[in-house]
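The block underneath contains the structure these notes are about, expressed in C-alpha cells.
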Amino acid sequence: MRQDAVLINHERIHLRQQAELLVVFFYLWYLVEWLLRSLVYFSFYKAYRNISFEREAYARERDRDYLGSRRPYQFLSYLTKAHLPC
C-alpha cells in the first residue's frame with residue numbers, strides 16, 4: 001500500500017511537469033534529454049534515471065506535501081544536480 005502512494009505521488013509530479021510544458025513540450029524535452037544523456041552514459045537506463053524530470057520525481061516522490069510547496073518549473077534545478085545512483 002505504501003509503495004502505491006509513492007508511485008502515485010511520483011506520477012503526480014510528472015503531471016505537474018507536463019502541465020507546465022503543455023504536455024507536448026514535456027515529451028519533446030524528455031526525449032531530447034534522454035537522447036543526450038544516453039550519449040553521455042552509454043546506458044539507456046542511466047540516461048532515463050538522470051533526466052531532470054525523473055530526478056525531481058524520484059527525489060520527491062516520498063514527500064506527500066511536495067506539490068503544495070513546489071515552485072513552477074522546479075525540474076530545471078535538477079538539470080545540473082549531482083547524478084542519482086543508478
Side-chain angles (χ1 to χ4, degrees):
M1 205 64 146
R2 174 76 178 125
Q3 299 243 350
D4 292 342
V6 170
L7 176 61
I8 289 168
N9 200 43
H10 180 101
E11 295 307 324
R12 283 182 177 156
I13 293 168
H14 285 318
L15 288 173
R16 182 73 56 90
Q17 295 164 340
Q18 291 171 12
E20 290 169 345
L21 295 175
L22 307 174
V23 181
V24 172
F25 296 108
F26 170 86
Y27 284 107
L28 271 171
W29 186 319
Y30 195 104
L31 177 63
V32 169
E33 191 172 343
W34 178 76
L35 287 171
L36 291 173
R37 291 187 186 281
S38 292
L39 293 173
V40 170
Y41 294 110
F42 299 106
S43 165
F44 295 139
Y45 179 72
K46 285 183 181 179
Y48 153 75
R49 284 298 301 250
N50 284 285
I51 294 169
S52 57
F53 302 118
E54 294 299 341
R55 285 185 188 177
E56 179 186 14
Y58 277 111
R60 299 306 198 131
E61 66 187 4
R62 295 186 182 280
D63 181 356
R64 291 185 180 185
D65 299 323
Y66 177 62
L67 288 175
S69 62
R70 181 185 180 271
R71 293 180 317 213
Y73 303 99
Q74 187 64 33
F75 66 88
L76 292 173
S77 70
Y78 289 85
L79 278 172
T80 59
K81 287 194 178 200
H83 306 304
L84 291 173
C86 297

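- Side-chain contact between Y48 and F53 is absent, with no heavy-atom pair separated by less than 4.5 Å.
- Contact of the R49 side chain with the F44 side chain is not registered, since no non-hydrogen atoms from C-beta on lie closer than 4.5 Å.
- Within the 3.5 Å criterion, the main-chain N or O of A5 finds no donor-acceptor partner in the side chain of N9.
- Linking Ile, Leu, Val, Met, Phe, Trp and Tyr residues whenever their side-chain heavy atoms come within less than 4.5 Å leaves L7 and I13 in two separate clusters.
- Note that CH2 of W34 and CG of N50 are 13.5 Å apart. Values are rounded to the nearest 0.5 Å.
- By the rule that hydrophobic residues join a cluster once side-chain heavy atoms approach within less than 4.5 Å of another member, Y30 and Y73 end up as members of one cluster.
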Mind running side-chain contact (heavy atoms from CB on, under 4.5 Å) on F75 and F26 for me, showing each step along the way? CA-CA 11 Å; F75 66 88; F26 170 86; over 6 Å; no
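- In terms of hydrophobic clustering, with Ile, Leu, Val, Met, Phe, Trp and Tyr side chains grouped at heavy-atom distances under 4.5 Å, W29 and L39 are assigned to different clusters.
- For the salt bridge (Lys or Arg N to Asp or Glu O under 4.0 Å) test, residues two or more places apart in sequence or in another chain that qualify with E20 are R70.
- Under the 3.5 Å distance criterion, the side-chain polar atoms of R60 are left unmatched by any main-chain donor or acceptor of Y66.
- By the ring pair (Phe, Tyr, Trp, His ring centres under 6.0 Å) test, H10 is found to be paired with H14, Y58, residues two or more places apart in sequence or in another chain being considered.
- Looking only at side-chain heavy atoms (C-beta outward), Y78 and E54 stay at 4.5 Å or farther from each other.
- Hydrophobic clustering of Ile, Leu, Val, Met, Phe, Trp and Tyr side chains at less than 4.5 Å, counting indirect connections, unites V23 with L21.
- At least one donor-acceptor pair under 3.5 Å links the side chain of E33 to the backbone N or O of S52.
- Taken from CD in Q74 to CG in L67, the straight-line distance is 11.0 Å, to the nearest 0.5 Å.
- The closest side-chain heavy-atom distance from R37 to K46 is not below 4.5 Å.
- Checked by atom type, the side-chain pair Q17/E56 shows a donor-acceptor distance below 3.5 Å.
- Every residue two or more places apart in sequence or in another chain that forms a side chain to side chain contact (heavy atoms under 4.5 Å, CB included) with V32 is listed here: L36.
- The distance from the CD1 atom of I51 to the OG atom of S38 is 7.5 Å, given to the nearest 0.5 Å.
- Following chains of ILVMFWY side-chain contacts shorter than 4.5 Å, one can reach L28 starting from L79, so the two form part of one hydrophobic cluster.
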